[in-house]
Protein chains: 2
Amino acid sequence: MVFDATDKKLLEYLQQDSKQTNKELSNKLNLSVTAVYERIKKLEKAGFIKGYVALVNKQKIEKNFIVFCHIKLVQHIQEYVVSFEREVTKLNEVLECYHLSGDYDYLLKVIVSDMSAFREFMVKKLTAIRHIGSTHSMFVINEVKHTTAINF
Amino acid sequence: MVFDATDKKLLEYLQQDSKQTNKELSNKLNLSVTAVYERIKKLEKAGFIKGYVALVNKQKIEKNFIVFCHIKLVQHIQEYVVSFEREVTKLNEVLECYHLSGDYDYLLKVIVSDMSAFREFMVKKLTAIRHIGSTHSMFVINEVKHTTAINF
DNA sequence: AACCATAATTGAAAATTTTTCTAAATATAC
DNA sequence: GTATATTTAGAAAAATTTTCAATTATGGTT
């Protein structure tokens, strides 16, 4: 499959606003509506586009308390890794989880309503997962930048 | 503005897939197409929905090298903070930037193609920003979980 | 340079979806 | 219980997506 500069621009536009009509996109890309349509279908089929989502305003739904949690497993063995990753993925307060190099094994991005909700999450859900050795929480004072659009 | 359980469900569905038709949503919510339409417009106007975007597959576009960078400013004074935040926001490798509590001042989520691109970013762009005291990079070995959908 | 095969693009028509509109139903306040 | 506002529904209109056949461009071969 060929992936040219027009596809690149198209992906950039769709990452900014996926509700644009093909007509609007066709103007920006100097193409016909059908050409835009075919390119989008091609990008979807080829797996360049994972999906289309609505982004909600965290403030509006009282989920504006962000915490990054470092987690170290008691022992970094296959069994514990698989088990921990399966369990942590289930927690809907955890939007992101990364296996990291460095002092700690994992970094979690947790979103809750406030500190008391975080305490609940920590005590009842996170530390309920087995094989966790230690945790270290960093509280977000301000979200300076947040985008889902990846530049090429 | 009233925000009921149906609105909540609607936002959940739209966070999973914003390309669903109002007809599909009306079936899931046991409403008419118009009722769904009006609710979506209401949620958009009230600011619950920030926007609609396409999510691209990082692997496909060779931007699959994720690094979290801790940054400490030389001095945490108003002038340095404003200047740093303005400059770091401009960098398109930085998808997210958080002002944190704790040992370090900021946490950056950086996405590049590989280690050599990260070196370029570090030397030419990030450390070119003034007022940075020290940095500490953590490399992502594996993205265990990543979602944009916030649960209620 | 002419030719062929393949892929991309176009414009028009068809199908679907969104949006508007009016009226009925439901809820809310007095 | 009545009045007022809000929500919902169904039908019609407007806009958009999707399909299709024809045209144009592209790359490789002779």
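Atoms considered below: every heavy atom in the structure, side chains included; atoms not considered: hydrogens, waters and symmetry mates. In what follows, chains are A, B, ... by sequence order, proteins preceding strands, each numbered from 1.
Rounded to whole angstrom, the span from the NZ atom of B/K45 across to the C1' atom of C/dT19 amounts to 11 Å. When the P atom of C/dT17 is taken as reference, atom CG of A/N22 falls 15 Å away, rounded to whole Å. Per the geometry, NZ belonging to B/K41 stands 9 Å off C1' belonging to C/dT19, to the nearest Å. B/L10 has its CG atom 11 Å from the P atom of D/dT8, to the nearest Å. Separating the NZ atom of B/K23 from the P atom of D/dT17 is a distance of 18 Å, rounded to the nearest angstrom. To the nearest angstrom, C1' of C/dT16 lies 16 Å from CD of B/Q20. Between the CG atom of A/L14 and the P atom of D/dT17 there is a distance of 11 Å, given to the nearest Å. Computed from coordinates, the A/E24 CD to D/dA15 P distance equals 13 Å when rounded to whole Å.
Under a 4.0 Å N-O distance rule, the pair B/K145/A/E85 does not qualify as a salt bridge.
Cation-pi check for B/K109 over B/F68 is not met; the charged atom does not lie both under 6.0 angstrom from the ring centroid and within 45 degrees of its normal. Geometric assessment of B/K63 against the ring of A/F152 yields a negative cation-pi assignment under the 6.0 Å and 45° thresholds. In this structure, B/K72 satisfies the cation-pi test against B/Y104, with its NZ or CZ atom closer than 6.0 Å to the six-membered ring centre and inside 45 degrees of the ring normal.
Using modelled atom types, no side-chain atom of B/E96 and backbone atom of A/T147 make a donor-acceptor pair closer than 3.5 Å.
Residue A/Y37 places none of its side-chain N or O atoms closer than 4.0 Å to OP1 or OP2 of D/dT16.
Scanning all heavy atoms of the two residues, the minimum distance from A/D7 to A/V2 falls at OD2-O, 3.7 Å.
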N/O to N/O distances under 3.5 Å, protein versus nucleotides 5-11 of chain C:
unit_1: C/dT9; atom_1: OP1; unit_2: A/R39; atom_2: NH2; d: 2.7
unit_1: C/dT9; atom_1: OP2; unit_2: A/R39; atom_2: NE; d: 3.4
unit_1: C/dT10; atom_1: OP2; unit_2: A/S32; atom_2: N; d: 2.5
unit_1: C/dT10; atom_1: OP2; unit_2: A/S32; atom_2: OG; d: 2.8
unit_1: C/dG11; atom_1: O6; unit_2: A/T34; atom_2: OG1; d: 2.8

